[in-house]
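One structure is given below, encoded as structure tokens.
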Amino acid sequence: MAQRASPADGSHGAARETGRYRPGEIEPRWQQRWLDDGTYEIENDDRRDAHYVLSMYPYPSGPAHIGHVRNYTFGDLLVRYHTMRGKGVLSPIGFDSFGLPAENAAIESGVHPRIFTDQRIDELTASLRRIGAVYDHRRTIRSHDPGYIRWNQWFFIRFFEAGLAYKATAPVNWCPGCRTVLANEQVVDGRCERSDHLVERRDLSQWFYRITDYAQELLDDLDDLEWPNRVKLMQRNWIGRSEGVELGLPIADASGRARTDVEPLSVYTTRPDTGFGMTFAVMSPEHPRVDELTTADRRAAVTAFQAEVANRSEIDRLSTEAAEVERGVLTGSSVVNPFNGKAIPLFLADYVLMAYGTGAVMAVPGQDQRDWELAEAFDLDIVRTVQPPDDFDGEAFAGDGPIINSEWLNGLGVSEAKATATEWLERQGLGTRTVVYRLRDWLVGRQRFWGCPIPMIYCDDCGTVPAPESDLPILAPDDVEFHPTGESPLQHHDGFLNTICPGCGGPARRETDTLDTFVDSAWYFLRFTDPWNEEQPLTMSAVRKFLPVDQYIGGIEHAILHLLYARFFTKALADLGHAPKDLREPMKRLFTQGMVRMGGSKMSKSRGNAVSPEESVEVHGADALRLAILQAKPPADDVDWEDFQIQGCERFLNRLWRLAATDPELINGSRTGQPTAADDAIDTASHRLVDRITGEYERWAYNTAVAGFMAFTNRLYGYVRSDGGPHRETLADAIDTMLELLAPAVPHITAELWALRHDGEHIHERSWPVADPDKLTVETVTMVVQVNGKVRDRIEVASDISDAAARSRALTSEKVAARLAGATPKRVIVRAPGLVNVVI
RNA sequence: GCCCGGGUGGCGGAAUGGCAGACGCGGCGGAUUCAAAAUCCGCUGUCCGAAAGGACGUGUGGGUUCGACUCCCACCCCGGGCACCA
């Protein structure tokens with residue numbers, strides 16, 4: 001028999017031959033077992049309480065990067081924890097496998113995006129497996145699976161039929177070099193990130209999903225979600241609801257009187273209280289009535305201005321030194337200010353956006369800085385209608401104050417005046433209360449190859465019609481050549497392009513745009529509940545069983561778009577009858593973990609940091625990496641790679657191994673028989689640990705949970721070393737309990753140790769330990785005695801000590817008496833049993 | 001500019017009205033060793049002090065309270081989101 005170190009002092013006793021902790025050996029073995037046994041597969045008729053834990057649909061970029069690993073470690077902990085709690089946990093995984101990187105790679109290397117992508121999916125799958133993350137792999141979805149494309153297209157057609165999908169002209173980022181539309185994130189400093197061409201704004205016909213129909217519901221339903229406030233706030237701002245008034249400004253004739261034969265110009269304002277300060281009006285350069293309202297003598301200048309704004313690059317538009325560019329131009333027309341009947345000039349200006357409100361505004365330079373600047377540039381009247389405070393030295397004043405220069409509004413506060421002015425406008429029939437949202441419809445078309453083809457057909461006779469359902473899925477052809485420019489090969493592929501109109505049977509051509517990949521990720525979590533259904537996209541009973549997702553986990557970078565689109569899709573599918581009617585929200589709880597930064601400066605080899613998760617697993621083991629991730633920071637915080645103290649965590653796992661792999665009977669001096677007070681204290685501590693860790697797992701306080709395990713282990717080492725030696729059963733129970741609590745965090749080592757200690761039993765099939773409430777209360781506590789709020793003494797007292805007794809114990813303390821020096825305290829605050837504060 | 005979040009030892013962090021710095025990293029000392037690694041034990045906020053002990057200490061300044069890292073006001077700094085949205 002080999003002489004093994006006892007856990008405590010490294011020198012005495014012998015243990016069963018269990019060997020050293022070798023993660024490289026045990027981890028692959030358990031990973032294989034979980035897969036072979038289908039430990040984390042769940043059937044749709046499972047009788048346990050359903051619990052859906054989901055990490056955000058990853059883009060398959062090859063082996064997992066550290067951000068992935070952090071994300072999936074949190075998710076995996078919850079999957080295993082809830083499984084031990086007796087839940088029927090649904091833990092699926094899929095891949096957001098369409099998208100630009102694969103297409104760019106194809107352009108460069110000629111390798112088909114599918115081959116490229118499938119390879120990366122295999123790599124990611126393998127690395128998730130190596131960190132011990134477990135899934136029901138039978139349910140895996142990939143966006144480019146024909147089966148998934150089919151239903152994605154089927155939904156598009158349903159949306160089209162319901163008016164939720166439509167085609168309209170929209171300004172887009174156009175790269176003249178690549179001859180394609182760019183997403184905003186592909187535009188860097190006004191240039192195409194691929195070809196470096198200056199990006200132009202072009203009006204092109206594009207497909208949209210009508211998410212704005214759901215603006216109000218998307219806003220209202222945020223209230224009840226258990227989501228981080230920050231995310232809810234970002235969504236609220238994005239939706240941007242504003243309440244105001246839409247009013248008509250009559251067009252003035254040559255003598256300044258309102259014309260009745262011409263439609264008034266409709267403007268939207270949230271500040272009807274400032275109406276008397278409106279000294280001009282402004283239309284967007286793209287406003288459809290520009291031609292009509294431009295006078296002959298101004299036509300050349302207006303046209304030039306429109307063209308100039310249209311071609312203005314992003315750089316100019318965002319420049320803070322915009323003084324160089326002309327921001328507005330006079331139309332030559334005038335409109336009438338309905339508040340005071342005065343004729344005022346009508347301008348075009350680039351700061352008025354066609355896409356918001358009515359595309360025209362009443363300009364109130366006294367209260368709006370942009371209007372102020374235009375007024376100064378054109379030497380227009382500026383009338384303050386809100387009195388700024390005496391010390392105000394700015395230009396336009398947007399704050400609150402008494403109304404001035406406004407006849408019947410004078411003296412009111414801003415909000416009162418708003419209400420009064422709104423009522424007046426409505427009574428006069430001049431305006432209507434209106435709610436406006438900042439949210440725009442979702443542009444879903446992309447001029448890309450590697451995406452889900454939009455299943456529409458263009459026929460010269462029948463117009464735009466959906467592809468027949470029997471043709472779904474419509475797949476992109478394989479025999480394509482990628483253009484170095486980045487232009488989608490679909491646009492030149494005759495076999496794909498030419499088709500027959502399902503309406504008239506005549507020749508027609510296919511849509512070559514593909515769907516934004518955010519569409520793919522807008523409903524994948526629903527399909528996971530029954531990916532096997534070939535008759536329907538979703539199985540109602542399965543969706544009902546598992547949705548909403550109990551815990552959704554992902555990066556803060558998806559706070560707005562992905563989560564908003566997923567919410568919209570769920571609502572739309574429910575309303576169209578494809579998902580349960582009452583499923584209004586897909587994700588009940590959301591956790592957004594922080595990002596992992598790759599800080600350069602603090603990078604240090606001496607800390608034992610490897611540069612990739614793969615290497616870390618290789619060197620220290622998956623459990624050590626997982627523990628380091630959990631320990632480093634609160635999960636919501638951003639973290640630097642070098643903050644992971646993998647070596648320290650590996651050291652802890654070694655300590656755990658030596659403690660738990662050593663047969664208790666062989667630990668030097670271990671006792672049997674009646675437990676002593678010291679033994680009971682260990683037992684109590686272990687019950688308290690159960691209580692503590694359970695709470696911390698529920699609250700995502702993983703970093704403090706790890707601290708708790710380390711502290712408890714230190715305590716057990718002290719216990720083993722203590723004078724009387726450890727009580728055999730007490731020690732064994734304490735170790736067992738800790739292994740169970742650790743199992744969700746470090747699944748391999750705990751599984752191995754448990755099997756070693758319990759005849760091959762599987763720890764992940766055990767149920768979660770329960771603390772005995774009687775053992776959570778302690779008999780004595782340390783009472784802090786303060787003098788004037790400063791700690792001067794600590795006294796052990798019974799935990800049920802009365803206030804009076806606590807008071808007298810405190811006052812008889814020598815240290816307190818010394819400070820009192822015979823005087824009577826002014827006041828004694830007693831918070832038994834924890835604290836007494838003597839005020840002198 | 002507007003809206004959020006945050007500033008605590010050499011470092012990551014803990015404590016959300018009641019013992020500031022849990023736990024870990026790093027550092028120092030000791031045990032073990034021929035030696036080293038590994039392991040085990042102890043110490044480790046700053047200042048004064050031989051020690052006992054004391055004073056100071058959670059971005060800055062004020063306030064509330066018997067008591068403030070924690071609550072309130074003002075300011076400074078860092079991070080994030082939105083950004084001509086009328």
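Throughout, a chain's letter reflects where its sequence line sits, starting with A, and its residues are numbered from 1. Heavy-atom basis, side chains included; hydrogens, waters and symmetry copies ignored.
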Q.
Tell me the interatomic distance from D638(A), atom CG, to G6(B), atom P, rounded to whole angstroms.
A. 13 Å

Q: Quickly work out the E650(A) CD to A37(B) P distance and round it to whole Å.
A: 17 Å

Q. Looking for any heavy atom pair under 4.0 Å, which part of the strands does G834(A) touch: base, sugar-phosphate only, or nothing?
A. nothing

Q. What is the distance from CZ of R651(A) to P of A38(B), rounded to the nearest Å?
A. 7 Å

Q: Would you indicate what L835(A) reaches in the nucleic acid, counting non-hydrogen atoms under 4.0 angstrom: base, sugar-phosphate, or nothing?
A: base

Q. What pair of heavy atoms forms the shortest contact from L590(A) to M56(A), and how long is it?
A. CD1-CE, 4.3 Å

**Q.** Parallel, tilted or perpendicular: ring planes of F347(A) versus F378(A), cut at 30 and 60 degrees
**A.** perpendicular

Q.
Can you measure Q786(A) atom CD to G67(B) atom P for me and round it to whole angstrom units?
A. 10 Å

Q: In whole angstrom, give me the gap between the P atoms of U44(B) and A37(B).
A: 24 Å

Q. Are R236(A) and D223(A) close enough for a salt bridge, meaning some N to O gap below 4.0 Å?
A. yes

Q: Before giving the answer on side-chain contact (heavy atoms from CB on, under 4.5 Å), spell out for V838(A) and Q786(A) the whole-Å C-alpha distance, their side-chain angles and the decisive distance to 0.1 Å.
A: CA-CA 6 Å; V838(A) 181; Q786(A) 298 179 332; over 6 Å; no

Q.
Using heavy-atom distances to pick each residue's nearest nucleotide on RNA chain B, tell me which of M710(A) and D637(A) is more 5'.
A. D637(A)

Q) Can you check whether A396(A)'s main-chain N or O pairs, donor with acceptor, with D368(A)'s side chain at less than 3.5 Å? A) no

Q.
Distance check, P atoms only: C82(B) and A14(B), in whole angstrom units.
A. 27 Å

Q: Would you kindly give the CD1-to-P distance between I556(A) and C3(B), to the nearest whole Å?
A: 19 Å

Q) Do the charged groups of R327(A) and D350(A) touch, with an N to O distance under 4.0 Å? A) yes

Q) Could you give the CD-to-C1' distance, from Q631(A) to C11(B), as a whole number of Å? A) 12 Å

Q: Measure distances between side-chain N and O atoms of R230(A) and base N and O atoms of G5(B), and say whether any donor-acceptor pair falls under 3.5 Å.
A: no

Q: Choose from A15(B), C85(B), C66(B) the nucleotide whose nearest atom is closest to any side-chain atom of T704(A).
A: A15(B)

Q: Check whether any side-chain heavy atom of T73(A) lies under 4.5 Å from a side-chain heavy atom of Y702(A), and answer yes or no.
A: no

(Q) Is a donor from one side chain sitting under 3.5 angstrom from an acceptor on the other, for R827(A) and N837(A)? (A) no

Q) OP1 or OP2 of C40(B) sitting under 4.0 Å from any side-chain N/O of R658(A)? A) yes

Q: Can you figure out which of G81(B), A22(B), C84(B) approaches the side chain of A707(A) most closely?
A: A22(B)

Q | Listed nucleotide nearest any side-chain atom of W238(A), set G13(B), G81(B), C82(B) | A | C82(B)

(Q) Check the phosphate of A83(B) against N237(A), side-chain N and O only, distance under 4.0 Å to OP1 or OP2. Yes or no? (A) no

Q) What is the nucleic acid contact for V352(A), judged by heavy atoms within less than 4.0 Å: base, sugar-phosphate only, or nothing? A) base

Q | Syn/anti state for G12(B) [syn: chi within 90° of 0] | A | anti

Q | Whichever of A355(A) and N229(A) has its nearest RNA chain B nucleotide further upstream toward 5' | A | N229(A)

Could you list all N or O pairs between the protein and nucleotides 52-54 of chain B that sit under 3.5 Å apart?
| residue | atom | partner | partner atom | Å |
| --- | --- | --- | --- | --- |
| G54(B) | OP1 | R819(A) | NH2 | 3.3 |

**Q.** Separation of A83(B) C1' from Q369(A) CD (nearest whole Å)
**A.** 15 Å

